J.: 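The structure that follows is given in the form of structure tokens.
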Amino acid sequence: MSAMPPVVIVGAGSAGLAAAAALRQVGVESAVLERGPSVATSWRGRHEELRLNTMRWLSDLPGLRIPRSAGRWVSRDDYISYLERYAACHRLDIQFGVHVQRLDPAGGGWQIRSSTGCHDTSRVIVATGYDRVPLLPDWPGRSRLSTPVMHVSGLRRATDLAGLRVLLVGAGNSGVEIAGHLVNAGVAALWVSVRTPPNILPRELAGLPLHPASVPLRALPERLRDYGARLTSRLAFGDLTRYGLPAPAQGPYARLRTTGVTLAIDEGFVAHLKAGRLEIVAEIDRLAGREVVLRGDRRLSPDIVLAA
């Protein structure tokens with residue numbers, strides 16, 4: 001059993017790196033344990049078309065700016081490069097290839113069990129990410145479905161599905177984003193299965209990004225923030241129930257507080273919906289052979305089911 005610095009951080013993504021840099025700034029040493037071979041392991045596995053839906057100058061980590069050359073909406077690869085520079089700039093102690101398996105209280109601190117053995121430390125920061133583990137629903141009949149079922153986290157390029165009939169399950173932030181990329185990539189058909197209607201806001205309105213406006217809104221009561229978001233959505237998109245997308249029961253801030261689900265940022269989804277290039281369908285009831293049976297007994301025969 002070996003001792004570690006007074007603070008151990010699990011995960012070398014943006015949260016873990018920022019925590020380590022902040023601790024170093026106040027004179028507290030830490031070690032970052034990362035299961036992957038480099039920083040930003042999760043980011044490297046995301047699809048190539050991904051961009052931040054938060055503005056560059058509001059997406060910095062403490063102590064280092066994202067360069068202006070990355071543009072207003074930072075790409076996946078530019079953000080990975082930024083995190084690499086961030087770790088080097090702050091001279092962080094990162095140990096790669098270490099898979100943390102268990103944390104146990106020990107002597108007023110913690111014992112860490114990992115792929116490299118057991119280690120003692122005073123404090124542990126878990127920064128593995130809210131969505132690190134993909135959720136693939138266990139729909140009835142899934143084991144007998146001959147159609148491929150894939151989680152969106154495994155999709156590297158939207159063009160990999162070009163020419164296919166795709167059933168995209170979920171209209172949260174990931175689903176709304178990837179839907180636009182799939183249509184642009186030339187899928188033969190795109191159905192979007194919606195169980196819980198999303199709160200959708202445009203990334204920009206009249207050419208102006210909305211993200212900066214969200215910062216001062218944090219001081220307002222939740223109901224006023226929800227009202228403002230719904231009004232903005234209605235002004236930007238009109239009534240989307242006309243196109244088969246039900247209105248959400250909760251506003252975006254109430255839903256975030258109660259479920260942890262963020263609002264969806266539109267990058268073409270709504271335009272494709274209005275133009276009929278994608279179709280909203282009901283939630284999945286069961287899977288049967290090569291067919292997907294929706295609530296209400298409608299049947300689809302997609303070439304692939306993509307869970308988001």
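Because the structure is a prediction, the values reported are computed rather than measured. Throughout, numbering of the chain's residues begins at 1 and tracks the sequence. Computed over heavy atoms, backbone and side chain alike; hydrogens, waters and symmetry mates excluded.
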J.: Looking only at non-hydrogen atoms, find the nearest pair between Arg286 and Asp297 and report the distance.
T.: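 Minimum heavy-atom contact is NH2-OD1, 3.6 Å.
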J.: For atom CZ of Arg156, is the number of surrounding heavy atoms from other residues, nucleotides or ligands below 6.0 Å larger than 12?
T.: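 Yes, the 6.0 Å shell around CZ holds more than 12 heavy atoms from other groups.
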J.: Would Glu279 and Arg298 pass as an ion pair if we require N to O under 4.0 Å?
T.: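 Looking at Glu279 and Arg298, the cut-off is met.
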J.: Hydrophobic cluster mates of Tyr227, side-chain heavy atoms under 4.5 angstrom, ILVMFWY only, any path?
T.: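 Hydrophobic cluster check, Tyr227: joined to Leu231, Leu235.
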J.: Do Phe269 and Val183 sit in the same hydrophobic cluster, where Ile, Leu, Val, Met, Phe, Trp and Tyr count as joined when their side-chain heavy atoms come under 4.5 Å apart?
T.: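 Linked, Phe269 and Val183 end up in one cluster.
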J.: Taking atom CZ of Arg142 as the centre, report whether more than 12 heavy atoms of other residues, nucleotides or ligands fall under 6.0 Å from it.
T.: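 It does: Arg142 CZ has more than 12 such atoms within range.
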J.: To the nearest 0.5 Å, what is the distance between CZ on Arg24 and NE2 on His90?
T.: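 Between Arg24 CZ and His90 NE2, I get 10.0 Å after rounding to 0.5 Å.
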J.: Which residues end up grouped with Leu294 if you chain together Ile, Leu, Val, Met, Phe, Trp and Tyr wherever their side-chain heavy atoms are less than 4.5 Å apart?
T.: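 Reading the cluster by chain and number, Leu294 sits alongside Leu136, Trp139, Leu145, Val149, Leu167, Val169, Trp191, Val281, Ile284, Leu287, Val292, Leu300, Val305.
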J.: What's the verdict on side-chain contact (heavy atoms from CB on, under 4.5 Å) for Arg56 and Tyr82, showing C-alpha distance, side-chain angles and the deciding distance?
T.: CA-CA 11 Å; Arg56 182 195 70 250; Tyr82 166 70; over 6 Å; no
J.: Evaluate side-chain contact (heavy atoms from CB on, under 4.5 Å) for Arg290 paired with Ser146, printing each intermediate quantity in order.
T.: CA-CA 5 Å; Arg290 287 195 57 83; Ser146 56; 2.7 Å; yes
J.: In plain terms, say whether Asp285 and Arg295 are close enough for a salt bridge, that is, a side-chain N and a carboxylate O under 4.0 Å apart.
T.: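 No salt bridge links Asp285 with Arg295.
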J.: Quiz question: by atom type and distance under 3.5 Å, do the side chains of Thr241 and Asp239 form a donor-acceptor pair?
T.: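 Asp239 and Thr241 do have a side-chain donor-acceptor pair below 3.5 Å.
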J.: With clusters defined by side-chain heavy atoms of hydrophobic residues (ILVMFWY) lying less than 4.5 Å apart, directly or transitively, does Val8 cluster with Val126?
T.: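 Yes, Val126 connects to Val8 through the hydrophobic network.
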J.: Could you go step by step and tell me if Ile125 and Leu23 meet the side-chain contact (heavy atoms from CB on, under 4.5 Å) rule?
T.: CA-CA 11 Å; Ile125 297 173; Leu23 288 168; 4.1 Å; yes
J.: Listed by chain and number, what are the salt bridge (Lys or Arg N to Asp or Glu O under 4.0 Å) partners of Arg46, not counting sequence neighbours?
T.: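 Result, salt bridge (Lys or Arg N to Asp or Glu O under 4.0 Å) vs Arg46: Asp131.
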J.: Mind checking what makes side-chain hydrogen bond (donor to acceptor under 3.5 Å, both in side chains) contact with Asp104, not counting sequence neighbours?
T.: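 Here the qualifying residues are Arg102.
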J.: Could you tell me if Asn53 and His211 have a donor-acceptor pair between their side chains, going purely by distance under 3.5 Å?
T.: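 On atom types as modelled, these side chains do not qualify, holding no pair under 3.5 Å.
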J.: Yes or no on side-chain contact (heavy atoms from CB on, under 4.5 Å) for Arg72 and Arg203, after CA distance, side-chain angles and deciding distance?
T.: CA-CA 11 Å; Arg72 177 179 285 180; Arg203 193 165 65 174; over 6 Å; no
J.: State yes or no: do Phe96 and Leu92 share one hydrophobic cluster built from I, L, V, M, F, W and Y residues joined by side-chain heavy-atom distances below 4.5 Å, directly or via other members?
T.: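 Linked, Phe96 and Leu92 end up in one cluster.
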J.: Do Val215 and Leu256 share a hydrophobic cluster (ILVMFWY, side-chain heavy atoms under 4.5 Å, transitive)?
T.: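 Cluster IDs for Val215 and Leu256 differ.
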J.: Do Val98 and Trp110 share a hydrophobic cluster (ILVMFWY, side-chain heavy atoms under 4.5 Å, transitive)?
T.: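 Both belong to a single hydrophobic cluster.
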J.: Could you list the cluster mates of Leu263? Members are the ILVMFWY residues connected by side-chain heavy atoms closer than 4.5 Å, either directly or through other members.
T.: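 Via sub-4.5 Å side-chain contacts, Leu263 links to Leu201, Ile265.
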J.: To the nearest 0.5 Å, how far apart are CG in Leu50 and CD in Glu267?
T.: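 Result: 8.0 Å between the selected atoms.
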J.: Would you tabulate the side-chain donor-acceptor contacts of residues 35-43 under 3.5 Å, counting partners in other chains and residues two or more places apart, or write 'none'?
T.:
from  : atom 1 : to    : atom 2 : distance (Å)
Ser38 : OG     : Arg44 : NE     : 2.9
Thr41 : OG1    : Glu34 : OE2    : 2.9
Thr41 : OG1    : Ser38 : O      : 3.1

